[in-house]
2 protein chains.
Amino acid sequence: MTTETARDAEPARLGRKRDHSRDQDILDAALDVLAEVGYNTMTVDMVATRAKAGKATLYRRWSSKAELVVDAIACMKRPLPQERDGTYVPPDTGTLRGDLVAMVKPKAVTDSNRHLKIMIGVASMMSQEPQLFEALTAIMVKPRVESYRVVMQRAIDRCEIRPDIDVELLSSLGPAMAMYRAMYEQQAPSRESIIHLIDTVILPAVGLSAPLENADE
Amino acid sequence: MTTETARDAEPARLGRKRDHSRDQDILDAALDVLAEVGYNTMTVDMVATRAKAGKATLYRRWSSKAELVVDAIACMKRPLPQERDGTYVPPDTGTLRGDLVAMVKPKAVTDSNRHLKIMIGVASMMSQEPQLFEALTAIMVKPRVESYRVVMQRAIDRCEIRPDIDVELLSSLGPAMAMYRAMYEQQAPSRESIIHLIDTVILPAVGLSAPLENADE
DNA sequence: TGGTTTCGGAACTGTCGAGTCTCGTATATG
DNA sequence: CATATACGAGACTCGACAGTTCCGAAACCA
């Protein structure tokens, strides 16, 4: 699906030089299949067909299915608009709650849900393929946790919250709940549910309280 | 591994009548393999070998690998000592914190970690096998969440906490963090980490505070 | 335009594992 | 002791999929 129409619109890109953007098309196709059926059910043929490519083309560029998948995840486009060192640094709104809510952009939620599907699809491989585990956490988990951490550190620096709170734990609460919901309630975590988590769990845990009537965004 | 010695001690149980306890041995073996390598890497031969059984014996009792696994999870022994309607009802210690900490028995933690490994091993199959999903949530997730819910409802009834807290959300925090840690930090959640979650997140969220010096158990 | 290169497609090979079948054996029953 | 039955072990079939090879087409370049 992804960039289907956009790709069809281009003049068929063949000929002499290896087309670098073609790599990305194939990796995107791999991610799509991965999110839909998981690593084991996914076949190289599926990816080739979806990318309108020959299987041989894939093996010309990646030596195995595992390498293709690791590369697809490692080269994943970062969904978040502003970033530094790979982690999204949310704008400073002046308050912790403002910063936290600002992190929950609709686009970020959509991309997060795709990430969750992919992670669930490769979950059972992670313990057996360290490279896969590394790529996955580096791309999909650490940046998100880091965003929370940055925002909380900011709150500590401006003396909004106590300096001895467990930033580590609280930063992982959001990602943990997102994963839990995706797995067991088989529903995409919504923007609302995350804001609700912020107001009823995270803020109380740092000694703040949610606004009575939350105007949200 | 499991009951290796105990099984060897028995006189080899063969002959006329189908041995019902043999079923459980095989299902246990299936769970062990599942926890170690995941659904897709697991082969029927592995299970047969581990249970010291012939592959034909497995197929005499279950019609397919998928059915074997679903049955193994559905028939899983409940690890928790006292239960009612499948959910463990923790003893009433008089306080919410006391009840919550009482839930975190070392044995419960050990079993929980095995459950987590199994769940991760079959994660990618859940969306494709509704029966598997049902069995898994019914056996491994719902009872745990329900334990939290019971304890919190008790705290509401004794007017220890406000009645309008989001029991649903708070009951799933523990399981969610356990899954998160098992997946991304590849370390078994410890009893200490769960108690820390209770003290720094759950209790503040319901308007209580942790004891200054926690004597824990 | 002709030569070069990469392409998509398709046919091919090799492996692996699910599921079946056979057989010698051990056990209970009578 | 004789018979019936379930067993473990292992040989077997068969389909699916990873990875390879081949070829005609298409695009770029000189």
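Naming convention: chains lettered A, B, ... in sequence-line order (proteins, then strands); numbering from 1 in each chain.
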Rounded to whole Å, how long is the line connecting atom CZ of B:Arg22 with atom P of C:dA26?
16 Å
Whole angstroms only, please: what is the CZ-P distance between B:Arg50 and D:dG8?
16 Å
Contacts of type side chain to side chain contact (heavy atoms under 4.5 Å, CB included), residue B:Glu36, not counting sequence neighbours:
B:Arg50
For DNA chain C, produce a single dot-bracket line, 5' to 3'. Pairs: Watson-Crick or G-U wobble, both distances under 3.5 Å. Symbols: ( ) within strand, [ ] crossing, | other strand, . unpaired.
||||||||||||||||||||||||||||||
In whole angstroms, the gap separating C1' of C:dT6 from CG of A:Leu58 amounts to 14 Å
Minimum heavy-atom separation for A:Met42 to A:Val47, with atom names?
CE-CG2, 3.5 Å
Return each pair, listed once, that meets side chain to side chain donor-acceptor pair (under 3.5 Å) where at least one residue sits in residues 63-72 of chain B; pairs must be two or more places apart or across chains.
B:Trp62-B:Asp71, B:Ser63-B:Glu67
Contact list for residues 37-48 of chain B, test salt bridge (charged side-chain N to carboxylate O under 4.0 Å, His left out), sequence neighbours left out:
B:Asp45-B:Lys55
Presence of B:Thr57 side-chain N/O under 4.0 Å of D:dC7 phosphate oxygens OP1/OP2:
no
Whole-Å distance separating the CG atom of B:Asp25 from the C1' atom of D:dC7
14 Å
Taking protein heavy atoms under 4.0 Å as touching, what does nucleotides 14-23 of chain C look like 5' to 3' if B marks base contact, S marks sugar-phosphate-only contact and - marks none?
---SBBBB--
Among all residues two or more places apart in sequence or in another chain, which pass the ring pair (Phe, Tyr, Trp, His ring centres under 6.0 Å) test with B:Tyr180?
B:Tyr184
Please name all residues satisfying side chain to side chain contact (heavy atoms under 4.5 Å, CB included) with A:Val109, sequence neighbours left out, ordered by chain then number.
A:Val104, A:Asn113, A:Arg191, A:Ile194
Show which side-chain atoms of residues 121-133 of chain A pair as donor or acceptor with protein atoms under 3.5 Å away, not counting sequence neighbours.
residue: A:Gln128; atom: OE1; partner: B:Thr41; partner atom: OG1; Å: 3.3
residue: A:Gln128; atom: NE2; partner: A:Ser124; partner atom: O; Å: 3.3
residue: A:Gln128; atom: NE2; partner: B:Val37; partner atom: O; Å: 2.9

Partner set under side chain to side chain contact (heavy atoms under 4.5 Å, CB included) for A:Ala205, not counting sequence neighbours:
A:Leu170
